[in-house]
Amino acid sequence: MTGKNYIGNQLAATGTKTYKTFNPELNQENETVFVEATSIEIEEAVNLAAAAFKEFRTISGFKKAEFLNAIADEILALDDLLIQTFCSESGLPEGRAKGERGRTIGQLRSFANLVAEGSWVEATIDEAQPNREPMPKSDIRKMLIPLGPVVVFGASNFPLAYSTAGGDTAAALASGCPVLVKSHPMHAGTGELVASAIVKAAKKTGMPNGVFSNLNSSGIEVGQQLVAHPKVKAVGFTGSIKGGRALLDLAAKRAEPIPVFAEMGSINPVIILPKALENRYQEIAKTYAGSITLGAGQFCTNPGLLIGIKSESLSNFIAAVSEEIIKINPSCMLHPNIKKGYTTNKEKIVSQEKVSVTANYTSTIKNNYAEQAIVTVDGKTFLENTTLHLEVFGPFSMIVQCKNASELEEVIANLEGQLTGTVIADENEISDYQNVISALQNRVGRIIFNGVPTGVEVCESMVHGGPYPASTDSRFTAVGINSIKRWVRPFSYQDWPNELLPKELQNENSMSIFRTIDGLRTTKKI
Ligand code: NAP
């Protein structure tokens with residue numbers, strides 16, 4: 001580990017601003033000194049990315065697949081050093097580090113398969129009709145093409161799977177876009193190791209220099225310079241609403257505005273219907289105590305809001321979940337700043353009028369560990385006070401007690417956009433709550449039946465996104481192979497000579513991909 005930046009394939013550290021990462025478990029700084037990228041280094045990295053794009057955008061799917069698979073292999077080759085660095089910079093256990101590495105590798109390989117196969121470009125051909133009356137029709141052929149250099153801001157809570165070589169990077173590289181990573185300061189060492197794997201893979205598979213850069217920073221300036229740069233064409237972000245919104249506004253103010261795909265806050269409402277509560281409140285309480293505290297609550301899909309209709313069963317549930325959650329051993333948070341944010345936001349909620357605390361872990365705990373808590377409030381208060389709608393990033397949940405089904409519907413309709421919504425119901429119960437379900441569908445990207453929102457499967461049918469502020473563009477997912485669509489644009493060729501067209505659109509269909517020809521999906525040649 002060098003603490004340096006990767007400006008394309010070269011290590012560089014000409015700056016003077018330095019910082020270290022922090023081991024929250026040991027409550028001490030790690031040793032490596034990281035050097036923040038300078039303005040000149042950022043400029044060089046962006047220029048290299050723009051130059052690399054000219055070649056990278058035309059590279060075949062097979063070659064890109066080789067590159068993505070080589071990144072996966074090089075990450076695996078980092079072996080224990082990567083796992084130990086991950087743990088020392090996040091306080092997360094080894095099992096989680098290995099799980100996240102597996103997810104990262106899986107994502108890279110699934111994008112490799114996607115681009116090697118090739119049909120993802122959605123090739124669409126409408127053949128010419130020279131004899132059409134009253135006007136002849138031209139030959140029009142459309143496919144998806146990459147946007148250009150993409151800036152990726154990794155997530156603090158996923159040092160591997162949603163960071164340097166995480167979902168955004170894998171999808172952008174697969175699409176043919178060079179990537180500039182704004183390294184997350186909390187796990188800069190994990191980031192540098194993964195960056196070294198990407199650079200090795202790029203060299204081994206003959207990718208142009210500049211296809212990838214990794215820029216260190218411990219403040220907002222590096223990210224802002226990157227997003228404002230005219231040669232950058234899109235941004236991927238995972239983090240706070242404040243950070244994502246600042247970047248969205250910055251991108252919109254550019255002479256050429258660019259898309260920012262930010263995945264931000266979510267409190268993931270869970271609606272618990274009366275019969276389910278009556279029949280199995282104890283079981284639901286146990287399951288939810290586990291889901292709320294999983295990974296110290298540091299998941300974008302953490303269930304931060306449970307909603308029910310006032311009844312004896314709801315009271316029993318509140319008592320049971322409060323009892324269960326206190327039994328769980330607290331765990332370490334990612335960084336003292338995340339712990340500080342958790343404590344501040346929790347206190348902000350607790351200090352609001354008519355909020356009752358039903359569980360609060362008070363035994364002595366280690367530094368940077370999180371005390372889990374549950375609070376409750378009535379539906380009317382929740383509707384009137386939007387401070388209560390804030391995300392508390394950590395092992396915390398609020399239970400809203402509504403007076404009836406119509407107040408439940410109103411509470412849901414007044415929520416900000418969310419990544420997920422969950423319904424806990426017993427047989428046939430859901431049909432009595434169709435308005436509630438419709439209201440929920442209108443606010444979320446994914447709806448879950450009798451489960452927990454934590455645990456995001458990486459697969460083609462997954463939607464990880466939702467109405468603002470869950471994400472800045474609810475038409476796209478941040479997880480799964482369809483996330484590639486964030487980094488491309490549709491492009492049409494009109495009457496273009498066959499031999500000059502990309503292979504995907506040529507008559508011969510030498511790649512045997514699925515295409516839509518005159519309205520029919522087929523692998524046939526023309
Ligand atoms: P963050 O504060 O949003 O920062 C994420 C990244 O964006 C960092 O690299 C940060 O750079 C950069 N950044 C933030 N504000 C910026 C701005 N105005 N201009 C340019 N760059 C900016 O998130 P975090 O540090 O990862 O975690 C803090 C909080 O975010 C958590 O407590 C939690 O509330 C939330 N969070 C939510 C999720 C979710 O999925 N819902 C996931 C992770 C975090 P620097 O750090 O270098 O300043």
Side-chain angles (χ1 to χ4, degrees), residues 5 17-19 21-22 24 34 36-37 42 89-90 92 151-159 161-164 166-168 180-188 190-191 214-229 232 235-253 260-268 295-304 333-346 348-349 368 370 390-396 416-420 445 453-454 456 464-466 468-472 478-479:
N5 303 279
K17 196 170 167 196
T18 60
Y19 60 99
T21 59
F22 195 87
F34 292 90
E36 183 161 309
I42 297 168
E89 292 184 327
S90 66
L92 294 168
V151 172
V152 171
F153 289 74
S156 58
N157 56 343
F158 279 95
Y162 293 98
S163 285
T164 320
D168 288 353
L180 299 134
V181 166
K182 202 299 261 173
S183 166
H184 199 291
M186 290 180 197
H187 46 75
T190 309
N214 185 52
L215 300 155
N216 292 330
S217 88
S218 61
I220 61 175
E221 297 78 11
V222 170
Q224 292 190 332
Q225 190 182 333
L226 283 166
V227 173
H229 200 292
V232 165
V235 180
F237 172 94
T238 304
S240 65
I241 296 178
K242 193 166 159 241
R245 182 63 200 233
L247 296 173
L248 180 70
D249 292 345
L250 181 64
K253 276 194 206 126
V260 174
F261 298 100
E263 191 253 280
M264 306 177 289
S266 188
I267 50 174
N268 304 296
Q298 301 165 119
F299 287 119
C300 45
T301 50
N302 193 56
M333 296 202 91
L334 295 161
H335 192 273
N337 290 347
I338 299 274
K339 168 72 195 283
K340 200 167 135 208
Y342 173 61
T343 308
T344 308
N345 288 332
K346 189 168 71 165
K348 192 169 179 180
I349 299 282
N368 308 316
L390 289 181
E391 178 185 31
V392 179
F393 194 66
F396 172 91
E416 290 188 306
Q418 306 289 334
L419 292 168
T420 72
T454 39
V456 181
H464 192 66
Y468 183 89
S471 63
T472 44
V479 169

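Whatever order the structure lists them in is the order used to number ligands and atoms, beginning at 1.
Looking at residues two or more places apart in sequence or on another chain, you find a side chain to side chain contact (heavy atoms under 4.5 Å, CB included) between A478 and H464, R486. For F261, the ring-ring contact (aromatic ring centres under 6.0 Å, His included) partners at least two apart in sequence or on another chain are F476, W487.
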Show me the donor-acceptor pairs, under 3.5 Å and distance only, between side chains in residues 218-227 and residues at least two apart or in other chains.
from	atom 1	to	atom 2	distance (Å)
S218	OG	E36	OE1	3.3
Q225	OE1	S39	OG	3.1
Q225	NE2	S39	O	3.2

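In this structure a side-chain-to-backbone donor-acceptor pair under 3.5 Å is present from N302 to G394.
Between K253 and D249, none of the side-chain N atoms (NZ, or NE/NH1/NH2) sits under 4.0 Å from a carboxylate O, so this pair counts as no salt bridge.
Contact shell of ligand 1 (protein heavy atoms, cutoff 4.0 Å): F153, S156, N157, K182, H184, P185, M186, S217, S218, G219, I220, Q224, F237, G239, S240, G243, A246, L247, E263, M264, G265, C300, I338, E391, F393.
Using modelled atom types, one finds no donor on one side chain facing an acceptor on the other under 3.5 Å when comparing N268 with T301.
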